[in-house]
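These notes are about the structure you will find just below.
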Amino acid sequence: LKSHDEETQSSVLTLRNNIALVLVSLGRYEDAISIYESILVHQKKSMGTNNRAVAVTLQNLAIAYADIGRLGKSLVLMKQALKIYSQRSNQNRRQMAVALSLLSKIYVLKGEYTVAENQIERALEIYEEFFQPSHSSRVRAIINQADIYQWQRKYEKAHAVLTHQLKQLEDKVESLH
């Protein structure tokens, strides 16, 4: 059980994280980054560096840095989050898939489409373990994969993954009737 002080500190960090998310939505990236970095210091001090909460904060911080074009910093942070998730792979497989999807987007922004393609494929392997073909996370990852193919002018591959997904969903709809 958490002590009253630990629970209060956890609630403070949660609220600060949510404030940072709102600031990102408002386009106030520097303010959000400052809050995320402060949260990270507190989390590492109180929870250690190999904690899921630390990984989530690293991920949020990476997204904020990507949004302002600091892709190198974003990439380092996202890889740190992914490393934490992978150390406890059974417990964090879904979160790993999310991080891989986000990592693929960072590589796309950097123009590194082949690396992005590899990351999204790894994410899809995990999504397929947990989710039905109709699950929004899985569908979104497939759309992202098709986008990556298109940016590389691999139009036939993009068409193939999208039509395969559509066929799976149409078959599911048909089986419900």
Side-chain angles (χ1 to χ4, degrees), residues 1-110 112 115-132 135-141 143-145 148:
L1 290 174
K2 286 184 177 180
S3 73
H4 181 68
D5 289 343
E6 289 173 323
E7 191 172 311
T8 301
Q9 181 64 26
S10 177
S11 294
V12 166
L13 294 175
T14 299
L15 286 168
R16 293 185 84 217
N17 182 67
N18 283 289
I19 289 168
L21 288 170
V22 170
L23 290 170
V24 166
S25 297
L26 290 170
R28 293 176 49 192
Y29 300 105
E30 295 300 331
D31 293 335
I33 287 168
S34 178
I35 291 172
Y36 285 137
E37 288 174 344
S38 172
I39 292 169
L40 204 52
V41 168
H42 290 289
Q43 286 176 326
K44 286 180 177 181
K45 198 181 303 181
S46 63
M47 302 174 196
T49 57
N50 190 26
N51 184 287
R52 184 181 182 282
V54 170
V56 170
T57 301
L58 286 165
Q59 190 172 302
N60 289 342
L61 188 55
I63 293 166
Y65 274 116
D67 286 347
I68 60 171
R70 294 191 52 198
L71 302 178
K73 180 78 171 169
S74 176
L75 195 57
V76 167
L77 294 166
M78 193 62 74
K79 285 181 178 180
Q80 287 175 11
L82 192 56
K83 183 178 177 185
I84 294 169
Y85 293 136
S86 67
Q87 289 172 353
R88 297 180 171 185
S89 60
N90 290 340
Q91 297 170 344
N92 296 319
R93 295 281 291 166
R94 291 181 190 181
Q95 198 62 38
M96 233 176 102
V98 171
L100 286 164
S101 293
L102 293 168
L103 190 60
S104 76
K105 290 180 181 184
I106 296 167
Y107 279 116
V108 164
L109 293 170
K110 289 177 62 90
E112 297 180 30
V115 181
E117 185 178 332
N118 292 334
Q119 301 307 314
I120 199 67
E121 286 172 0
R122 287 177 60 203
L124 277 166
E125 288 172 11
I126 296 169
Y127 284 135
E128 288 170 4
E129 291 174 28
F130 291 101
F131 301 125
Q132 295 294 318
H135 191 277
S136 62
S137 294
R138 191 166 163 182
V139 171
R140 196 174 319 111
I143 292 168
N144 291 343
Q145 181 184 40
I148 292 167

### Query
If we only count heavy atoms from C-beta on, is the Met96 to Ser86 side-chain gap below 4.5 Å?
yes

### Task
Report the residue from Gln145, Gln119, Arg122 that forms a side-chain contact (heavy atoms from CB on, under 4.5 Å) with Ser104.
Gln119

### Task
Describe, in one word, how the ring planes of His135 and Phe131 are oriented to each other, choosing from parallel (under 30°), tilted (30 to 60°) and perpendicular (over 60°).
parallel

### Query
Hey, mind stepping through Leu103 and Leu75 against side-chain contact (heavy atoms from CB on, under 4.5 Å) and telling me if it holds?
CA-CA 7 Å; Leu103 190 60; Leu75 195 57; 3.3 Å; yes

### Query
If you round to the nearest 0.5 Å, how far is CD1 of Ile148 from CD1 of Ile143?
12.5 Å

### Task
Of all the heavy-atom pairs spanning Ala20 and Ala32, show the shortest one and how long it is.
O-CB, 3.5 Å

## Note on the structure
For Arg16 and Ile35, the nearest pair of non-hydrogen atoms, with its separation, is O-CG2, 3.4 Å

### Query
What pair of heavy atoms forms the shortest contact from Thr49 to Ile84, and how long is it?
O-CD1, 3.2 Å

### Task
Can you sort out the partners of Glu121 under salt bridge (Lys or Arg N to Asp or Glu O under 4.0 Å), two or more places apart, ordered by chain and number?
none

#### Entry: Flag, side chain of Ser74 to backbone of Arg70, donor-acceptor distance under 3.5 Å
no

### Task
For the residue pair Lys73 and Leu77, establish whether any side-chain heavy-atom pair is separated by less than 4.5 Å.
yes

### Query
Just checking, any donor-acceptor pair under 3.5 angstrom between side chains of Asn51 and Gln43?
no

### Note, Met78 side chain near Leu58 side chain (heavy atom, < 4.5 Å)
no

### Query
Any idea which heavy atoms bring Tyr36 and Leu21 closest together, and the distance?
OH-CD2, 3.2 Å

### Task
Start with the C-alpha gap between Val76 and Tyr65, add the side-chain angles, then the distance that decides, and say whether side-chain contact (heavy atoms from CB on, under 4.5 Å) holds.
CA-CA 10 Å; Val76 167; Tyr65 274 116; over 6 Å; no

#### Entry: Donor-acceptor under 3.5 Å (Ser34 side chain, Asp31 main chain)
no

### Query
Could you go step by step and tell me if Leu102 and Ile63 meet the side-chain contact (heavy atoms from CB on, under 4.5 Å) rule?
CA-CA 8 Å; Leu102 293 168; Ile63 293 166; 3.7 Å; yes

### Query
Closest heavy-atom contact between Leu124 and Arg138?
CD2-O, 4.0 Å

#### Entry: Which atom of Ile106 lies closest to which atom of Ala66, heavy atoms considered
CG1-CB, 4.4 Å

### Task
Supply the atom-to-atom distance His42 NE2 to Gln9 CD, rounded to the nearest 0.5 angstrom.
6.0 Å

### Message
Checking Val12 against Leu15 for the side-chain contact (heavy atoms from CB on, under 4.5 Å) test, could you report, in this order, the C-alpha distance in whole Å, the side-chain angles of both residues, the deciding distance, and whether it holds?
### Response
CA-CA 5 Å; Val12 166; Leu15 286 168; 6.0 Å; no

### Task
Nearest 0.5 Å please: distance from the OG1 atom of Thr57 over to the NZ atom of Lys44.
10.0 Å

### Query
Do Tyr85 and Gln59 have a side chain donor and acceptor closer than 3.5 Å?
yes

### Message
So for atom CD, which belongs to Glu128, do other residues, nucleotides or ligands contribute more than 12 heavy atoms lying within a distance under 6.0 Å?
### Response
yes

### Query
Say you draw a straight line from OG1 of Thr14 to CD1 of Ile39; how long is it, rounded to the nearest 0.5 Å?
8.5 Å

### Distance in Å, Asn144 CG paired with Ile120 CD1, rounded so as to fall on 0.5 Å steps
5.0 Å

### Message
Holding to ring-ring contact (aromatic ring centres under 6.0 Å, His included), I want the full list of residues that pass it with Phe130, two or more places apart in sequence or in another chain.
### Response
none

### Euclidean distance, Lys83 NZ relative to Asn50 CG, rounded to 0.5 Å
8.5 Å

